[in-house]
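These figures come from a predicted structure and were not determined experimentally. Quick note: numbers below take in every heavy atom, side chains included, and nothing from hydrogens, waters or symmetry partners.
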Amino acid sequence: MINASDLKAGMTFVQDGKLIKVLDASHHKPGKGNTVMRMKLRDVRSGSTYDTTFRPEEKFEKAHIDTNAVQYLYTMDDTAFFMDLETYEQYEIPVEVVEEEMKYILENMEVKIQFFGTEVIGVQLPTTVILKVVETQPSIKGATVTGSGKPATMETGLVVNVPDFVEEGELLEINTAEGTYIKRAK
């Protein structure tokens, strides 16, 4: 069991039979009354998000999440296919469950699948990925790194704000947690 005050972003717990992931957690001390925990939560199975508050001493069952290294193979219809790198077992995950993560994944890329018991609940991405720019405005002569930037569409369909000097065809390092440009890839 874990106290509400110990829950942090990224943790998963079980509440009323539902698997809940913490997206954001903060202590809040109103002018009068006791401290409460403000939380933004997501129901892992349904995908719905909601805001709520808990008393710090409330207890929850911490969910034990396992991960396996897998390789993304392809997407067909509404299903993404992954293969376990050790057993060669294939996993089928509905695209709607991993829709945000798919913006960072290329074919044959290695990622980790998250399990709750035997149930596949999601994909864990690396902290950064390297993607190719497929569409952006032409670079501006004399543009500097400190400019306001421009949108660039990556090969996965992800749109990232990049510096003015970035051109189509370049490889860029992208932060998967925030979906932001880090630097040009070598």
Side-chain angles (χ1 to χ4, degrees), residues 2 4 7-25 38-54 60-136 151-162 171-182 185:
I2 188 167
L7 291 172
K8 308 272 184 272
M11 294 178 87
T12 308
F13 65 94
V14 178
Q15 180 186 29
D16 301 328
K18 294 180 180 178
L19 193 59
I20 308 293
K21 183 171 185 171
V22 179
L23 302 177
D24 189 35
R38 282 190 179 166
M39 304 228 177
K40 183 171 186 172
L41 306 172
R42 181 175 70 214
D43 183 325
V44 172
R45 294 181 180 112
S46 72
S48 63
T49 60
Y50 59 96
D51 294 317
T52 190
T53 59
F54 297 116
F60 301 98
E61 178 187 343
K62 187 173 182 183
H64 182 69
I65 306 297
D66 293 318
T67 59
N68 277 10
V70 296
Q71 182 179 40
Y72 169 63
L73 299 175
Y74 59 92
T75 299
M76 184 188 309
D77 299 325
D78 294 336
T79 307
F81 292 85
F82 296 85
M83 180 181 66
D84 189 299
L85 294 172
E86 292 179 15
T87 65
Y88 302 108
E89 182 179 350
Q90 289 194 13
Y91 301 101
E92 300 176 13
I93 304 176
V95 171
E96 62 195 28
V97 173
V98 291
E99 192 170 3
E100 284 302 309
E101 291 88 345
M102 292 304 292
K103 294 178 182 175
Y104 301 95
I105 300 175
L106 296 170
E107 284 187 7
N108 300 321
M109 185 175 182
E110 289 184 23
V111 294
K112 292 184 179 178
I113 287 187
Q114 299 172 318
F115 292 90
F116 178 64
T118 58
E119 178 185 3
V120 176
I121 60 167
V123 172
Q124 182 180 340
L125 297 170
T127 53
T128 63
V129 293
I130 296 176
L131 298 174
K132 185 178 183 179
V133 177
V134 293
E135 184 182 330
T136 191
T153 304
M154 310 310 287
E155 59 192 312
T156 58
L158 176 70
V159 177
V160 178
N161 198 39
V162 298
L171 294 175
L172 305 180
E173 191 171 329
I174 307 295
N175 177 329
T176 58
E178 299 170 6
T180 56
Y181 164 87
I182 298 174

Expected output: side-chain T180 to main-chain N175 donor-acceptor under 3.5 Å
no

Quick one: does E155's side chain have a donor or acceptor within less than 3.5 Å of a partner on K132's backbone?
yes

Least distance between heavy atoms, F116 atom then I121 atom
CB-CG2, 4.0 Å

How close do L158 and K103 get, heavy atom to heavy atom, and via which atoms?
CB-O, 3.6 Å

Minimum heavy-atom separation for A4 to M39, with atom names?
O-CE, 3.4 Å

Can you list the residues that meet the salt bridge (charged side-chain N to carboxylate O under 4.0 Å, His left out) rule with E99, with sequence neighbours excluded?
none

To the nearest 0.5 Å, tell me how far L131 CG sits from T153 OG1.
11.5 Å

Measure the shortest side-chain to side-chain distance between T128 and I182 over non-hydrogen atoms and say whether it is less than 4.5 angstrom.
yes

Applying salt bridge (Lys or Arg N to Asp or Glu O under 4.0 Å) as the test, list every pair that has at least one member in residues 171-180; sequence neighbours left out.
E173-K183

For a quick test of reading the model, state the closest non-hydrogen atom pair linking D43 to I20 and the distance between them.
CA-CD1, 4.1 Å

State, with a plain yes or no, whether a side-chain heavy atom of F60 is found less than 4.5 Å away from one of M11.
no

Pairwise side-chain contact, T12 with V22, heavy-atom cut-off 4.5 Å (strictly under):
no

If you look only at pairs with a residue in residues 64-82, which of them pass as a side chain to side chain donor-acceptor pair (under 3.5 Å), with sequence neighbours excluded?
H64-D66, N68-D84, Y72-T75

Test salt bridge (charged side-chain N to carboxylate O under 4.0 Å, His left out) applied to E119 - qualifying residues, sequence neighbours left out
R45

Using distance only, find each side-chain donor-acceptor pair of residues 104-115 under 3.5 Å and give its atom names and separation, not counting sequence neighbours.
none

Distance from K62 atom NZ to F13 atom CZ, nearest 0.5 Å?
12.0 Å

If I compare all heavy atoms of A80 with all of V95, which pair ends up nearest, and what's the gap?
N-CG2, 3.9 Å

Once rounded to the nearest 0.5 Å, what's the spacing between atom NZ of K40 and atom OG1 of T49?
5.5 Å

Correct closest heavy-atom pair for A63 and L19 would be CB-CD1, 3.6 Å

Can V160 and L172 be said to form a side-chain contact (heavy atoms from CB on, under 4.5 Å), step by step?
CA-CA 10 Å; V160 178; L172 305 180; over 6 Å; no

Which residues share a salt bridge (charged side-chain N to carboxylate O under 4.0 Å, His left out) with K21, sequence neighbours left out:
none

Taking the side chain as every heavy atom from C-beta outward, state whether V123 and F82 have any atom pair closer than 4.5 Å.
yes

